[in-house]
Amino acid sequence: MPYANGDLHVGHLRTYVGGDTFARALRTLGQEVAFVSGSDMHGTPVAVNAWQEGVSPEEFALRHHEKYEETFPRFDVDFDNYGHTRTDANVELTQAFVRTLDEEGYVYDEEIAVAWDPEEEQALPDRYVEGTCPYCGAHARGDECDEGCGRHLEPGEIEDPTSVVTGNPAEYRTRSHKFFRLSEFEEYLGEFIARLDGTSNARNQPREWIEGELKDWCITRDLDWGIPYPGEEELILYVWVDAPVEYVASTKEFAESSVGSDNAENDESTANAAGAGSAGEGFDWERAWAEDGELIHVIGRDIIQHHAVFWPAMLRGVGYNEPRAILASGFVNLDGKAFSTSRDRAVWADDYLAEGFDPDLYRYYVVTATGFQQDTDFSWDRFQQRVNSELVGALGNFVYRSLLFAHRTYEGTPDSELSTEVRERIEAAIEDFEESVNEYSVRAIGQAPVELAQFGNEYIQQAEPWKLVDDDPGRAAQVIRDCVQLVKAIGVLAAPVMPGTAARLWAQLGESGSIEDRGLDAALEAPPANFDAPPELFERIEDDRVAELNEDLQARIEESAANPDADAREGSHEESDTAAETDLEPLTEGRIGFEEFQDLDLRVGRIEHAEAIEGSDKLVRLEVDIGIETRQIVAGLKQLHDTDSLPDQKVVIVANMEKAELFGVESNGMVLAAGEEADLLTTHDDASPGTRVR
RNA sequence: AGCGGGAUGGGAUAGCCAGGAGAUUCCGGCGGGCUCAUAACCCGCAGACCGGUGGUUCAAAUCCACCUCCCGCUACCA
């Protein structure tokens with residue numbers, strides 16, 4: 001589940017794409033699957049960031065939720081249901097879970113020390129307290145001496161505590177909280193972890209806790225943002241209690257929706273496979289969760305303990321099934337270092353799409369780059385290289401040359417039997433595919449279609465049907481029949497990783513219906529006798545394109561490196577850079593001359609009209625008076641400015657910007673604004689529209 | 001510090017759980033071929049003593065021990 005606290009980058013997407021690919025692969029094997037997720041809305045960071053932005057946590061979290069919900073389908077991450085942790089379904093289920101745990105005697109009260117901001121009358125998690133380390137005297141965070149000796153600090157230990165948020169002095173108060181008797185599950189969890197399937201990091205990392213001593217778990221917080229503890233409204237449940245319950249709630253919502261809708265979500269994802277059947281209505285969520293369903297969690301590797309320790313104990317406590325497997329994905333890095341949301345050191349999901357790249361390209365790239373649990377680097381160079389060689393050169397080329405040849409010579413599939421050699425090769429590919437799914441090898445699932453295409457290229461090359469057409473027409477027909485069959489099989493195998501591509505391929509073959517509704521058997525069924533000349537499946541990515549992408553990305557990386565203290569308040573894996581990258585030289589790098597500056601035609605403009613662009617969550621269409629004429633300009637301001645407030649604002653625009661088309665709307669110029677907040681540049685006095693800025 | 005993950009030809013990776021002919025695939029280098037195909041495709045060659053040390057074994061990249069270096073987790077950030 002994505003945490004409703006920031007934009008999505010391609011690193012986040014890795015986990016969801018992996019889960020989506022795996023869920024689709026399970027369906028291909030005929031399994032009944034519910035692939036569900038939702039936004040994680042609660043918790044301190046949302047509350048704090050909303051407060052800093054001056055909006056309610058609800059509004060803040062919902063805004064991100066809606067963004068995620070819209071983004072996932074654009075990468076073909078098609079959750080059967082994408083909810084969030086504040087839905088009625090989740091609130092009710094979470095409270096029911098907790099009530100049961102309480103009734104079963106798994107919960108008790110205990111008083112603990114809590115840091116407090118007396119002016120705001122607000123509790124402060126230790127992470128939001130800073131002060132002086134009592135051991136080494138260094139400046140430290142409330143829970144850890146992060147800049148000095150590295151020691152873990154207990155609540156109350158730190159000296160001169162102040163709130164990171166308000167700067168107010170903090171004090172410690174004694175509060176009564178609820179504790180979950182995790183320690184009672186020690187034996188159970190030991191057995192559980194021994195039979196858990198999935199990636200080795202998920203199966204091994206929790207052992208330290210489980211085989212050591214399990215501490216009871218504090219499951220409430222002093223916060224006014226979250227789900228209340230049932231019966232004690234002043235206590236709010238810790239986010240990690242209600243977040244995983246959303247997997248159940250989302251499954252329930254899916255089951256109760258009349259038709260399996262194509263909602264999107266992002267977050268860790270859960271696939272339940274329960275026997276065979278069809279997706280959509282009538283899914284028995286209780287059977288999946290409490291009877292014979294099989295639960296598979298696909299998560300990021302930074303939250304293994306939550307899914308392999310706390311969550312199974314909760315499930316056990318309420319009498320539900322335990323996860324059968326946990327797949328914990330590695331991170332996607334840039335130059336070996338973590339993405340950083342707050343420092344804009346990332347390749348954003350939106351940027352990728354705005355470049356016009358097919359989502360399947362990234363899906364394939366990230367799924368097959370390395371084993372699912374391994375970390376990997378993202379770079380446009382490698383992206384280009386693998387897309388051009390494997391997708392364009394191997395898969396796309398084989399499909400194209402085969403179908404084109406077949407169409408020109410036979411107007412479709414030639415009337416000939418499939419050769420034994422090719423039949424056996426396809427059968428082997430199917431077997432490998434099934435084995436990959438059974439071994440939870442998402443990577444191998446992704447590689448299957450390209451491997452078959454590589455075989456296809458060798459096969460057609462060695463058989464040389466273009467020569468046989470005259471010499472041995474019978475043999476030529478046989479070879480092309482084989483190739484068309486290979487194309488069809490490639491489509492079937494490609495559907496989980498590259499659903500869009502597979503659908504296009506299906507259409508090129510003249511097949512009707514959805515490729516996803518067909519099982520693996522379709523790979524060996526005869527292709528249609530007639531089809532049209534095929535269009536190319538993928539486009540090459542050219543070098544100059546990559547050079548541009550690299551420049552943009554490099555500029556951002558350098559900027560973020562020069563700006564190391566942007567925001568220390570992020571999810572840990574987003575922010576794990578140590579302060580070692582402080583190469584301060586942003587001012588000398590890349591100076592430009594006055595003449596180059598003069599190439600920019602900057603003008604004062606006055607916004608005459610502003611309206612949101614439908615379908616985009618950021619873009620606004622503006623009509624800007626620049627004295628000489630009125631320009632239509634598209635700008636990403638919607639989230640940050642009320643469109644009604646824009647008319648009459650004076651702005652600074654780049655008048656000689658190349659025209660561009662965004663969301664189908666022509667943009668003739670560019671409005672200047674500062675930073676993430678899109679703080680509009682304006683004039684201080686009364687310069688009239690059209691005045692040159694220099 | 002403890003625990004987990006990783007260290008494989010110039011780069012990127014697979015294989016390790018279920019030990020067995022000196023090892024996969026992609027890019028890059030060198031040399032051929034083909035022309036149906038998006039300067040795509042096919043074939044061949046060069047290049048790794050599989051992080052280090054020691055052990056188990058007839059046999060280890062694969063198992064065990066110790067060590068080095070990266071990344072992560074350690075429970076009131078999610």
Side-chain angles (χ1 to χ4, degrees), chain A residues 1-5 40 42-46 48 112-115 123-128 142-144 150 152 155 177 182 199-209 211-212 214-223 238-240 243 300-306 309-310 328 330-331 333 336-338 368-371 373-377 379 381-382 385-386 388-390 392-394 396-406 408-409 439 443-444 447 450-451 454 456-462 464-467 469 480 483 536-540 569-576:
Chain A
M1 300 170 61
Y3 190 56
N5 188 35
D40 186 4
H42 301 310
T44 313
V46 163
V48 169
I112 56 169
V114 175
L124 296 165
D126 285 326
R127 180 114 178 213
Y128 289 84
D143 57 346
E144 179 192 4
H152 173 78
H177 277 278
L182 189 64
T199 51
S200 62
N201 52 357
R203 287 184 292 117
N204 293 328
Q205 188 169 295
R207 288 207 152 93
E208 185 188 18
W209 285 18
E211 290 164 9
L214 282 172
K215 298 182 222 167
D216 288 340
W217 185 37
C218 183
I219 54 168
T220 50
R221 294 290 182 276
D222 291 293
L223 189 72
Y238 180 38
V239 273
W240 272 112
R301 74 182 230 249
D302 52 336
I303 50 175
I304 288 172
Q305 315 287 26
H306 301 90
V309 181
F310 299 137
F331 298 146
N333 294 322
K337 279 186 249 160
T368 59
T370 183
Q373 74 165 329
Q374 251 65 268
D375 287 359
T376 184
D377 261 3
S379 81
D381 287 310
R382 283 226 286 150
Q385 181 230 299
R386 300 204 46 228
N388 285 354
S389 76
E390 293 163 40
V392 179
N397 185 232
F398 176 68
V399 169
Y400 184 60
R401 72 199 297 201
S402 297
L403 297 189
L404 190 61
F405 198 107
R408 280 182 187 159
T409 315
E439 291 180 349
R443 179 177 197 257
Q447 286 174 321
V450 170
E451 281 170 4
Q454 279 162 345
N457 276 321
E458 290 164 28
Y459 182 74
I460 195 173
Q461 186 74 34
Q462 160 262 322
E464 299 186 303
W466 46 91
K467 286 184 179 164
V469 173
I480 294 303
C483 288
E536 292 165 357
L537 218 40
F538 301 106
E539 257 175 53
R540 259 183 88 76
R569 232 172 288 109
E570 285 277 339
S572 54
H573 77 272
E574 311 256 330
E575 213 64 30
S576 51

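Order of the sequence lines fixes the chain letters, A, B, ..., with proteins taken first and strands second; residue numbering starts at 1 for each chain. As the structure is a prediction and not an experimental result, all values here were calculated from the model.
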Check: Glu208(A) side chain, G2(B) base, donor-acceptor under 3.5 Å: yes
Out of U38(B), C71(B), C41(B), whichever nucleotide has its closest atom nearest the side chain of Val392(A): U38(B)
Distance test, side-chain N/O of Thr370(A) to OP1/OP2 of A14(B), below 4.0 Å: yes
Touch class at under 4.0 angstrom, heavy-atom based, for Gln374(A) against every strand present: sugar-phosphate
Between A75(B) and C16(B) - C1' atom distance, rounded Å: 32 Å
Any Tyr238(A) side-chain N or O less than 4.0 Å from OP1/OP2 of A78(B): yes
Near-parallel close stack of Trp466(A) and C36(B) base (under 5.5 Å, under 30°): yes
Side-chain N,O (Tyr400(A)) to OP1/OP2 (A37(B)) below 4.0 Å: no
Short side-chain N/O contact to G2(B) OP1/OP2 from Trp209(A), under 4.0 Å: no
Closest nucleotide among C26(B), C76(B), A37(B) to the Gln461(A) side chain: A37(B)
Sugar-phosphate, base or nothing in reach of Gln454(A), heavy atoms under 4.0 Å: sugar-phosphate
G11(B) phosphate, OP1 or OP2, under 4.0 Å from Arg382(A) side-chain N/O: no
Gap in Å between the two P atoms, one belonging to G22(B) and one to A60(B), rounded: 10 Å
Side-chain N or O of Asn5(A) closer than 4.0 Å to phosphate OP1/OP2 of A78(B): no
Opposite nucleotide pairing with A14(B), Watson-Crick or G-U, both atom distances under 3.5 Å: none
Gap in Å between the two C1' atoms, one belonging to G19(B) and one to C63(B), rounded: 7 Å
C1'-based separation of G52(B) from A7(B) [nearest Å]: 11 Å
Sugar-phosphate only, base, or nothing, as touched by Glu536(A) at under 4.0 Å among non-hydrogen atoms: base
Pairing nucleotide - G31(B), Watson-Crick or G-U, each distance under 3.5 Å: C43(B)
Sugar-phosphate, base or nothing in reach of Glu439(A), heavy atoms under 4.0 Å: base
